[in-house]
There are 2 protein chains.
Amino acid sequence: MDKKLLEEINHLHAQVCGGLSDPKRIAMLYALAEGPKSVMELAETLAAPQPTISRHLKILRERGMVIAKREGANIIYTLGDKRIIRALDLLREVLADHLNKRSALAEAIA
Amino acid sequence: MDKKLLEEINHLHAQVCGGLSDPKRIAMLYALAEGPKSVMELAETLAAPQPTISRHLKILRERGMVIAKREGANIIYTLGDKRIIRALDLLREVLADHLNKRSALAEAIA
DNA sequence: TATACATATTCGCATTTGCGAATATATCAA
DNA sequence: TTGATATATTCGCAAATGCGAATATGTATA
């Protein structure tokens, strides 16, 4: 594959990963993993103002990570791909292992 | 679990994900998936200046995503956890599917 | 010790990101 | 049409991020 093309792919890849690099978006994706939700429901679940939720949803939408469907006055959001949750779970395991190693080190010193 | 604690975990989770949200870091992680490499080797592989590589390595190191080991004058970096690559692969699949849907739509219009 | 080589860090700067507040748009119901 | 409700967007700003250039640190070797 072309060098330039590879860089472009990594750029898009990074954008998808960037969709996960915010605590609220992570919480939103896990919430949607439980089932479709309206913007208001998400705002309630996350205890965050509606405009904030909408802005984050836009970011996820642009990356195909959530899907919007209008239902009357509401807009129902659905998780775009279950593999997103699998990736999140894997990375949470990585985090857990790292924290365990760190705290094991800390105890060894004390 | 406590609300505040959950937020703190999501924050750390987001930091790990943030480690993936840069094209160069993605390229570096895939390069390290092939085997351990020194900073210079990484700089060559990515065709990027050494200080840039070192700065990105610091970010990955802080998140436990790579491990540094000194060998004489060199410092050899190793992938910290293979699950990172699995997560990256999953997200690349998500990207591919999204792009396919998009281009299918584009063709349907044309 | 002096010199070369490998890696890390700092600085100044431009870009991006997330947020609150305010406002716009869309849909339904009376 | 008017009002109420749900969602999206814009604006100004503060904080975070990435980068090139320069410099510092650490290690081996002569």
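Residue numbers start from 1 in every chain, and the chains themselves are labelled A, B, ... in the order their sequence lines are given, proteins ahead of strands.
Straight-line distance from the CD atom of A:Glu44 to the P atom of D:dA6: 10 Å, rounded to whole Å. With rounding to whole Å, A:Leu46 atom CG is found 15 Å from C:dG18 atom P. The nearest whole Å value for the distance from the CG atom in B:Asn10 to the C1' atom in C:dG18 is 16 Å. The separation between B:Asp22 atom CG and D:dC19 atom P is 6 Å, rounded to whole Å. What separates CD of B:Glu71 from P of D:dT27 is a distance of 13 Å, to the nearest Å. Look at CE on A:Met28: it is 12 Å from P on C:dG18, rounded to the nearest Å. The nearest whole Å value for the distance from the CZ atom in A:Arg61 to the P atom in D:dT7 is 12 Å. Residue B:Ile53 contributes atom CD1, which lies 15 Å from atom P of C:dT9 at whole-angstrom precision.
Contact between the side-chain N/O atoms of B:Thr52 and the OP1/OP2 oxygens of D:dG20 is found at a separation under 4.0 Å. Within the 4.0 Å cut-off from OP1 or OP2 of C:dT9, not a single side-chain nitrogen or oxygen of B:Ser54 is found. Not one side-chain nitrogen or oxygen of B:Arg55 sits closer than 4.0 Å to the OP1 or OP2 atom of D:dT17. A close approach under 4.0 Å does occur between a side-chain nitrogen or oxygen of B:Tyr77 and OP1 or OP2 of C:dA8. Side-chain N/O atoms of A:Lys58 include none lying less than 4.0 angstrom from OP1 or OP2 on D:dT7.
Candidate nucleotides C:dA6, D:dG18, D:dT9 were compared by shortest atom distance to the side chain of B:Ile59, and D:dG18 ranks first. Counting only heavy atoms from C-beta on, A:His56 has its side chain closest to C:dG18 among C:dT9, C:dG18, D:dC19. Side chain of B:Ser38, nearest nucleotide from C:dT7, D:dT7, D:dA22: C:dT7.
Taking the side chain as every heavy atom from C-beta outward, B:Asn10 and A:Asp22 never approach each other to under 4.5 Å.
Judged by closest nucleotide on DNA chain C, B:Ile76 is the one of B:Ile76 and A:Ser21 placed further toward the 5' end. With DNA chain C read from its 5' end, the first of the two nearest nucleotides for A:Gln50 and A:Lys24 is the one closest to A:Lys24.
B:Pro23 and A:His11 make their closest contact through CG-CA, 3.9 Å (heavy atoms, listed as atom of the first residue, atom of the second, distance). The shortest heavy-atom contact between B:Val66 and B:Leu57 is CG2-O, 4.0 Å. Taking every heavy atom of both residues into account, A:Ile26 and A:Arg92 meet most closely at CG2-NH2, 4.4 Å.
In this structure, the side chain of B:Arg86 does not engage the main chain of A:Ala87 through any donor-acceptor pair within 3.5 Å.
If you check every strand for non-hydrogen atoms under 4.0 Å, A:Arg70 touches sugar and phosphate atoms only. Here A:Pro49 lies in heavy-atom contact (under 4.0 Å) with sugar-phosphate atoms only.
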